[in-house]
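Proteins get letters first, then strands, A, B, ... in listed order; numbering begins at 1 in each. These numbers come from a predicted model, not from an experiment.
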Amino acid sequence: MPELPEVETTRRGIEPHVCGEIISEIIVRQPKLRWPVPGQLQQLVGAEVTEVARRGKYLLLETISGTCLIHLGMSGSLRITSRLTPPEKHDHVDIIFTNDVVLRLRDPRRFGAVLWAGCGELHPLLIKLGPEPLTDEFSGEYLFKKSRNRRINVKALIMDSHVVVGVGNIYANEALFSAGIDPRKASGEISAKRYALLVTEIKTVLQQAIAQGGTTLRDFVREDGQTGYFQIELKVYGRSGETCVACGMMLQQIKQAQRSSWFCPVCQQ
DNA sequence: CTTGTCACCTGAGCGC
DNA sequence: TGCGCTCAGGTGACAA
């Protein structure tokens, strides 16, 4: 999916087009997303979007009639278009506004979701989420405490949304490289000092990616339909067969929980 | 409670 | 050209 920087870039992109606008129609062409698109979504028709928020990788369109949650999954993208533009193959949901602006969700793999929560209610999926990575709550001390008496590897720990939200496979790999930590290391055996560094690196890499407009992904599509391109120099992610930028050693690729990990066996211990 | 595995889906790229 | 295989940015639901 879009990782957190891409979701935040999308949020900033759609916000000026939909905030303050009134929803006139919601068209669901394909309700079979990660979860069925709920009928309650239609309660939002006639309501004004008062805020476009984000929690982890969930985008939240707030209205007085409830909240529309949008998750982009692995392959989702949102774009701002008009009613005159016909939907294409994987354009599953349109949220149409009274000014004829259309917020259109495209998601080939359908791992994304469009959900609804009542006004003032927190959707069940959001209740148990960990802190946002770019807040003070997510600190070295916090992560150290969370890791005590745990045996799972450190990469799985930082990718666990109940520990911290928004750290996907790309940035988990990159942050662990920058912090010099072996992704296979048991999380319970890492010192507080090293966690402080890891948290700093997670924040840095996410902030940099957001500042660059979330163009980490080759096929990231902005809300205006413009495609992104690599601006961020990834040091380990996807670099199979390449050498470490720091020491020249061959990078290693392994599988952890069915996800690829890349790391330098010398720089990361 | 923790940990690891599976499932959900389409499309791109590769070797043959 | 086509087939079969692997891989891909996520994450909740399970079983052990």
Taken to the nearest whole Å, NZ/A/Lys155 to P/B/dG4 is 13 Å
Expressed in angstrom and rounded to an integer, what is the separation of A/Lys146 atom NZ from B/dT2 atom C1'? 12 Å
At less than 4.0 Å, is any side-chain N or O atom of A/Arg34 found next to OP1 or OP2 of C/dG12? Yes or no. no
Contact under 4.0 Å: A/Arg259 side-chain N or O vs C/dG10 OP1/OP2: yes
Presence of A/Lys32 side-chain N/O under 4.0 Å of B/dT10 phosphate oxygens OP1/OP2: no
Other residues, nucleotides, ligands: >12 heavy atoms within 6.0 Å of A/Asn149 CG: no
The correct list of stems in which DNA chain C takes part (3 or more consecutive Watson-Crick or G-U pairs, distances under 3.5 Å) is B:2-8 with C:10-16, B:10-16 with C:2-8
Please report the shortest heavy-atom distance between A/Ala186 and A/Arg151, naming the atom on each side. CB-O, 4.0 Å
Could you state the CD1-P distance from A/Ile152 to B/dC1, rounded to the nearest angstrom? 16 Å
Please report, rounded to the nearest Å, how far the P atom of B/dC1 is from the CG atom of A/Asn149. 15 Å
For DNA chain B, whose closest nucleotide is more 5', that of A/Gln258 or that of A/Ser187? A/Ser187
Whole angstroms only, please: what is the CD-P distance between A/Gln256 and B/dC6? 16 Å
Taking only the P atom of each, what is the distance from C/dC3 to B/dC9 in whole angstrom? 23 Å
Between A/Lys89 and B/dG11, is there a side-chain N or O to OP1/OP2 distance below 4.0 Å? yes
Under 3.5 Å, is there an N or O donor on one side and an acceptor on the other linking the side chain of A/Arg110 and the base of B/dC9? no
Donor-acceptor under 3.5 Å (A/Lys203 side chain, A/Thr135 main chain): yes
Heavy-atom nearest pair, A/Ile26 first then A/Leu41, reads CD1-O, 3.4 Å
Please work out if A/Lys128 contacts a base, only the sugar-phosphate, or nothing of the nucleic acid, heavy-atom cut-off 4.0 Å. nothing
Does a nitrogen or oxygen in the side chain of A/His71 sit under 4.0 Å from OP1 or OP2 of C/dT11? yes
Heavy-atom side-chain proximity of A/Val52 to A/Leu61 below 4.5 angstrom: yes
Can you find a side chain N or O atom of A/Arg109 that sits less than 4.0 Å from OP1 or OP2 on C/dA8? no
Flag yes if more than 12 heavy atoms outside A/Gln40 fall under 6.0 Å of its CD atom; otherwise flag no. yes
For A/Ile170, does its backbone N or O pair with a side-chain atom of A/Glu3 as donor and acceptor, under 3.5 Å? yes
Has A/Tyr58 got a side-chain N or O lying under 4.0 Å from the OP1 or OP2 atom of C/dG12? yes
Looking at A/Arg11 and A/Glu8, is any side-chain nitrogen of the basic one under 4.0 Å from a carboxylate oxygen of the acidic one? yes
Would you kindly give the CG-to-P distance between A/Leu59 and C/dG10, to the nearest whole Å? 15 Å
With centres under 5.5 Å and planes under 30° as the test, does A/Phe111 stack with B/dC9? no
Taking NZ from A/Lys255 and C1' from B/dT5, how many angstroms apart are they, rounded to a whole number? 14 Å
By nearest-nucleotide position on DNA chain C, the 5'-leaning member of A/Gln253 and A/Leu125 is A/Gln253
A/Leu69 CG - C/dG10 P separation (whole Å): 18 Å
When you measure from the side-chain N and O atoms of A/Ser161 to the phosphate of C/dG12, is any distance below 4.0 Å, counting only OP1 and OP2? yes
